[in-house]
Student: 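Submitted below is the structure of interest, expressed as structure tokens.
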Amino acid sequence: MSSGGFSPLQGMSDIAPPEVGLWQRVESVARSLFPLYGFEEIRTPILERTPVFTRAIGEGTDVVQKEMYTFDDRGGRQVSLRPEGTAGVIRALCELGPDFAEARVFYIGPMFRAERPQAGRKRQFHQIGVEALGAPSPAADAECIAMQMHLVEQWGLGGAVLHVHTRGVAADQAAVRAGLIEAVRPHLGALCEECRRRHETHPLRILDCKNPGCRAVVDTLPPVMSFMAPESRAYLDEVVARLGALGVPAQVDPRLIRGLDYYEHTIWEITHAALGAQDALAGGGRYRIDLDGRAVEGVGFAMGVERVIMALMGAGVKVEDYRGRPDLWLVAVGDRAREENLALAQQLRRRGAAVGLDTSGRSVKAQMRAANRRGAPWVAVRGDDELAAGRCQLKDMAAGAEQSVTVGELIARFAKA
RNA sequence: GUGGAUGUAGCUCAGUUGGCAGAGCGCCAGAUUGUGGCUCUGGUUGUCGCGGGUUCGAGCCCCGUCAUCCACCCCA
């Protein structure tokens, strides 16, 4: 049911139980895996001065031109909600100085793009990303990709496919552009209207057009890499070879392109069949970002958490399995037991046990039902008789069997600390 | 930004040519005075997304608006 005039903005969602449990698992698996590769967490502001993004991502990109949430703050500064993580993280690392020239960091948090929502696309969405600074090195790229595939594996997500390609260096990009424009020119008539229009402006876009006519033309074109310098092709070959040595199968995909300007050399994408039209689970690449005259080089990736969750659910994961369960549930018969149970619950919780109880004085039956609903494996029932004896009835909910235990025994049994 | 579909109970959804607002599940209670799940019985739940219009009468028709879903563009 909607909450009237207070419903969330378009493309903004609440993440609540039970699915939030799956989110927590996805995040905690990432948090414990990245340190194995020497990556530490960094948390940067969600709001930045607009040029931080426009300069790094590229003035002409769609993300900057039509998808950023940009406005003037109270001091009249032009600010934007971050549309991706890399630009802000690089900005932050620069502020930290030269010690961070070889920084390895990861981040987890919300990003914002004012697009029309659809499957796997929100206006506020969430990314898990990493950045590894350093000069171009096929080994560094392969290590980064291998870590990412390791993470996918740790999530238990089968069926993810890694596609790799290269953008080459800046000189290659100009050569690719010019070469592609010439190669496509004889086939202009076979292209869709959209591709004809962008032939001169965004020739790379023709490569990933979904129109069948355009795909047929693209299949006849020389590979993009043929326009690049031999060194650039060798770089990609080396990345693929290193991945192979690490047991990570990579598929070189000549149609793969990336929309952000800062990419250079290796680019990649991980897709998953369970996702529908937006089938990219993650994207990454090597980049070179100029900030205030200094060039920062590095490699990194971003994974869409919403899409990871979708893929996991598509693979049969049930969110209910990730809901927290109490270790014990306390049931009270009468007002005195109800008061005593609250104190007992507190005592147990201080010693690390997850304890549930009903404080509203409902019937025993209703309290038992609540315990069952929350999946409590054990229930302790106390009334006046048990209070007087310092005992309680401990019930095994799966077996249905009940035994009388002292309160001391109960605490010893459920205390974890 | 463009195109299509949808919006009715907590959830999933019926609702005929415009004529009393429905089902299943859930929830609550009882069968069982202090014991859950299974069964049976009874009960509860509505701004029909919101705002206008047409009509004797609108959940249904018309206009607007908000949101959701799907696709395009683009991206994670």
Side-chain angles (χ1 to χ4, degrees), chain A residues 1-13 57 61-68 82-86 108-129 148 192-195 197-198 202 204-205 208-211 256-260 268-272 275-285 300-311 329 331-334 337 358 362-387 392-402:
Chain A
M1 195 73 302
S2 84
S3 38
F6 295 103
S7 58
L9 292 169
Q10 184 173 44
M12 311 269 173
S13 303
I57 298 167
T61 59
D62 281 3
V63 168
V64 164
Q65 282 203 328
K66 48 184 216 192
E67 294 170 4
M68 281 214 295
R82 62 184 186 193
E84 55 95 63
T86 302
I108 297 177
M111 309 292 164
F112 301 83
R113 290 184 200 172
E115 304 175 273
R116 197 73 166 267
Q118 72 185 79
R121 169 185 292 164
K122 295 280 182 190
R123 288 185 163 188
Q124 175 175 339
F125 61 107
H126 299 78
Q127 288 188 334
I128 296 175
Q148 191 178 20
C192 69
E193 192 186 335
E194 172 73 21
C195 285
R197 182 146 34 82
R198 63 191 173 189
H202 297 100
L204 277 166
R205 282 279 161 233
D208 70 345
C209 183
K210 289 169 187 166
N211 179 292
L256 179 61
I257 62 175
R258 306 253 77 201
L260 310 185
W268 71 89
E269 208 166 275
I270 297 174
T271 60
H272 196 278
L275 294 184
Q278 313 302 321
D279 66 349
L281 198 65
F301 62 72
M303 319 188 73
V305 180
E306 281 81 359
R307 294 186 186 179
V308 170
I309 302 274
M310 276 178 75
W329 198 273
V331 168
V333 186
D358 186 317
R362 296 195 297 160
S363 70
V364 171
K365 176 190 286 234
Q367 293 180 66
M368 290 298 292
R369 215 172 10 235
N372 185 60
R373 220 182 352 252
R374 296 298 303 271
W378 296 93
V379 170
V381 183
R382 293 204 292 180
D384 289 338
D385 294 349
E386 287 84 358
L387 283 175
C392 64
Q393 293 292 326
L394 181 61
K395 180 166 187 170
D396 176 339
M397 293 295 272
E402 214 170 61

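To find a chain, count down the sequence lines: A is the first, B the second, and so on, and within it residues start at 1. Keep in mind the model is a prediction, meaning the values are calculated, not measured.
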Student: Please measure how far the P atom in B:A76 lies from the corresponding atom in B:G59, and state the result in whole Å.
Tutor: 47 Å
Student: Checking all strands, does A:Arg362 fall into the base, sugar-phosphate, or nothing category for heavy-atom contacts under 4.0 angstrom?
Tutor: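 Contact class for A:Arg362: sugar-phosphate only.
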Student: Answer with base, sugar-phosphate or nothing: what part of the nucleic acid does A:Glu67 contact at a heavy-atom distance below 4.0 Å?
Tutor: sugar-phosphate
Student: With 3.5 Å as the limit, what N/O pairs link the protein to nucleotides 67-71 of chain B?
Tutor:
| from | atom 1 | to | atom 2 | distance (Å) |
| --- | --- | --- | --- | --- |
| B:A67 | OP1 | A:Gln10 | N | 3.4 |
| B:U68 | OP1 | A:Gly11 | N | 2.9 |
| B:C69 | OP1 | A:Lys122 | NZ | 3.3 |
| B:C70 | OP2 | A:Ala119 | N | 2.6 |
| B:A71 | OP1 | A:Ala277 | N | 3.3 |
| B:A71 | OP2 | A:Gln118 | NE2 | 3.3 |

Student: Do NZ/NE/NH1/NH2 and the carboxylate oxygens of A:Lys122 and A:Glu306 come within less than 4.0 Å?
Tutor: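 No, A:Lys122 and A:Glu306 are not salt-bridged.
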Student: Can you tell me which stems RNA chain B forms, taking runs of 3 or more consecutive Watson-Crick or G-U pairs with both distances under 3.5 Å?
Tutor: B:1-7 with B:66-72, B:10-13 with B:22-25, B:27-31 with B:39-43, B:49-53 with B:61-65
Student: Suppose you measure atom C1' in B:C20 against the same atom in B:C48; what distance do you get, rounded to whole Å?
Tutor: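 Their C1' atoms lie roughly 15 Å apart.
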Student: How long is the line joining CZ of A:Arg113 and P of B:G1, in whole Å?
Tutor: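 Distance check: A:Arg113 CZ to B:G1 P gives 17 Å.
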Student: Starting at CD1 of A:Ile57 and ending at P of B:A76, how long is that distance when rounded to a whole Å?
Tutor: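 About 10 Å, once rounded to whole Å.
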Student: Hey, is the main chain of A:Pro117 close enough, under 3.5 Å, to the side chain of A:Arg123 for a donor-acceptor pair?
Tutor: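 No, A:Arg123 side chain to A:Pro117 backbone: no donor-acceptor pair under 3.5 Å.
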Student: If you round to the nearest 0.5 Å, how far is CZ of A:Arg307 from CD1 of A:Ile270?
Tutor: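 Between A:Ile270 CD1 and A:Arg307 CZ, I get 13.0 Å after rounding to 0.5 Å.
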Student: Quick one: pull up CZ in A:Phe125 and CE in A:Met12 and give me the separation to the nearest 0.5 Å.
Tutor: 11.0 Å
Student: Taking the P atom of each, how far is B:C63 from B:U54, in whole Å?
Tutor: 15 Å
Student: Taking the P atom of each, how far is B:U65 from B:U2, in whole Å?
Tutor: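 Result for the P pair: 11 Å, nearest Å.
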Student: Tell me the closest heavy-atom pair linking A:Ala282 and A:Gln148, and the distance in Å.
Tutor: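 Shortest heavy-atom contact: CB-NE2, 3.3 Å.
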Student: List the residues meeting side-chain hydrogen bond (donor to acceptor under 3.5 Å, both in side chains) with A:Glu269, not counting sequence neighbours, and say none if there are none.
Tutor: A:Arg258
Student: With P as the reference atom in both, quote the distance from B:G57 to B:G19 in angstrom, rounded to an integer.
Tutor: 14 Å
Student: Should A:Arg123 be listed as having a side-chain N or O under 4.0 Å from OP1 or OP2 of B:G1?
Tutor: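 Result: no.
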Student: Just to verify, what does A:Glu194 make a side chain to side chain contact (heavy atoms under 4.5 Å, CB included) with, not counting sequence neighbours?
Tutor: A:Cys192, A:Arg197, A:Arg198
Student: Calculate the interatomic distance between A:Ile128 atom CD1 and B:A76 atom C1'; express it in whole Å.
Tutor: 11 Å
Student: Take the protein atom CG of A:Asn211 and the nucleotide atom P of B:C74, then report the distance between them rounded to whole Å.
Tutor: 12 Å
Student: Each nucleotide N or O in nucleotides 32-35 of chain B that has a protein N or O under 3.5 Å away: list the pair and distance.
Tutor:
| from | atom 1 | to | atom 2 | distance (Å) |
| --- | --- | --- | --- | --- |
| B:G34 | O6 | A:Glu386 | OE1 | 3.4 |
| B:G34 | N1 | A:Glu386 | OE1 | 3.0 |
| B:G34 | N1 | A:Glu386 | OE2 | 3.0 |
| B:G34 | N2 | A:Glu386 | OE2 | 3.0 |
| B:U35 | O2 | A:Lys395 | NZ | 3.2 |
| B:U35 | O2 | A:Glu402 | OE2 | 3.3 |
| B:U35 | N3 | A:Glu402 | OE2 | 2.5 |
| B:U35 | O4 | A:Glu402 | OE2 | 3.4 |

Student: Could you give the distance separating B:C66 and B:G49 at their C1' atoms, to the nearest angstrom?
Tutor: 8 Å
Student: How far apart are the closest heavy atoms of A:Asp279 and A:Gly276, and which atoms are they?
Tutor: CB-O, 3.4 Å
Student: Base, sugar-phosphate, or nothing: which does A:Gly129 touch, judged by heavy atoms less than 4.0 Å apart?
Tutor: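 Nothing, no nucleic acid heavy atom in range.
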Student: Would you mind writing out the side-chain donor-acceptor pairs for residues 365-380 of chain A within the sub-3.5 Å range, not counting sequence neighbours?
Tutor:
| from | atom 1 | to | atom 2 | distance (Å) |
| --- | --- | --- | --- | --- |
| A:Gln367 | OE1 | A:Ala332 | N | 3.0 |
| A:Gln367 | NE2 | A:Ala332 | O | 2.9 |
| A:Gln367 | NE2 | A:Arg362 | O | 2.9 |

Student: Please give, in whole Å, the distance from B:C73 C1' to A:Glu193 CD?
Tutor: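 Checked: the CD to C1' distance equals 14 Å.
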Student: With sugar-phosphate meaning primed atoms plus P, OP1 and OP2, does A:Ala398 contact a base, only sugar-phosphate, or nothing at under 4.0 Å between heavy atoms?
Tutor: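 The residue A:Ala398 makes base contact.
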Student: What distance do A:Lys66 atom NZ and A:Thr61 atom OG1 have between them, rounded to the nearest 0.5 Å?
Tutor: 10.5 Å
Student: Just how far, in rounded Å, is P of B:C74 from CG of A:Leu204?
Tutor: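 Nearest whole value for this atom pair: 12 Å.
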Student: Hey, could you give me the CZ/CD distance between A:Arg382 and A:Gln393, rounded to the nearest 0.5 Å?
Tutor: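 Nearest 0.5 Å value for the CZ-CD distance: 12.0 Å.
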Student: Round to the nearest Å and state the distance from A:Trp268 atom CH2 to B:A76 atom P.
Tutor: 12 Å
Student: If you look at every strand shown and take non-hydrogen atoms under 4.0 Å, does A:Arg205 touch a base, only sugar-phosphate, or nothing?
Tutor: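 Answer is sugar-phosphate: A:Arg205 comes under 4.0 Å of backbone atoms only.
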Student: Determine the Euclidean distance between corresponding P atoms of B:A58 and B:A71; express it in Å to zero decimal places.
Tutor: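 Looking at atom P only, B:A71 and B:A58 are 38 Å apart.
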Student: Taking the side chain of A:Asn372 as its heavy atoms from C-beta onward, which of B:G36, B:A76, B:C74 lies nearest to it?
Tutor: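 Closest nucleotide to the A:Asn372 side chain: B:G36.
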Student: Using a cut-off of strictly less than 4.0 Å, decide whether A:Arg258 has a side-chain nitrogen or oxygen near OP1 or OP2 of B:A76.
Tutor: yes
Student: Counting distance only, does the side-chain N/O of A:Arg82 pair as donor-acceptor with the main-chain N or O of A:Pro110 below 3.5 Å?
Tutor: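 Yes.
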Student: Which residue lies toward the 5' end of RNA chain B, A:Ala282 or A:Ala399, if each is placed at its nearest nucleotide?
Tutor: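 Looking at RNA chain B, the more 5' nearest nucleotide goes with A:Ala399.
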Student: Say we look at B:G26 and B:C13: how far apart would their C1' atoms be, to the nearest angstrom?
Tutor: 14 Å
Student: Roughly, in whole Å, what's the span from CD in A:Glu306 to C1' in B:C75?
Tutor: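 Rounded to whole Å, this separation is 13 Å.
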Student: From A:Ile57 CD1 over to A:Asp62 CG, what is the distance, rounded to the nearest 0.5 angstrom?
Tutor: 12.0 Å
Student: Check whether any side-chain nitrogen or oxygen of A:Arg373 sits under 4.0 Å from OP1 or OP2 of B:G37, and answer yes or no.
Tutor: no
Student: Look at A:Arg369 and B:G26 and indicate whether a side-chain polar atom (N or O) is within less than 4.0 Å of OP1 or OP2.
Tutor: no
Student: Could you tell me whether the side chain of A:Gln124 and the main chain of A:Ser13 form a donor-acceptor pair under 3.5 Å?
Tutor: no
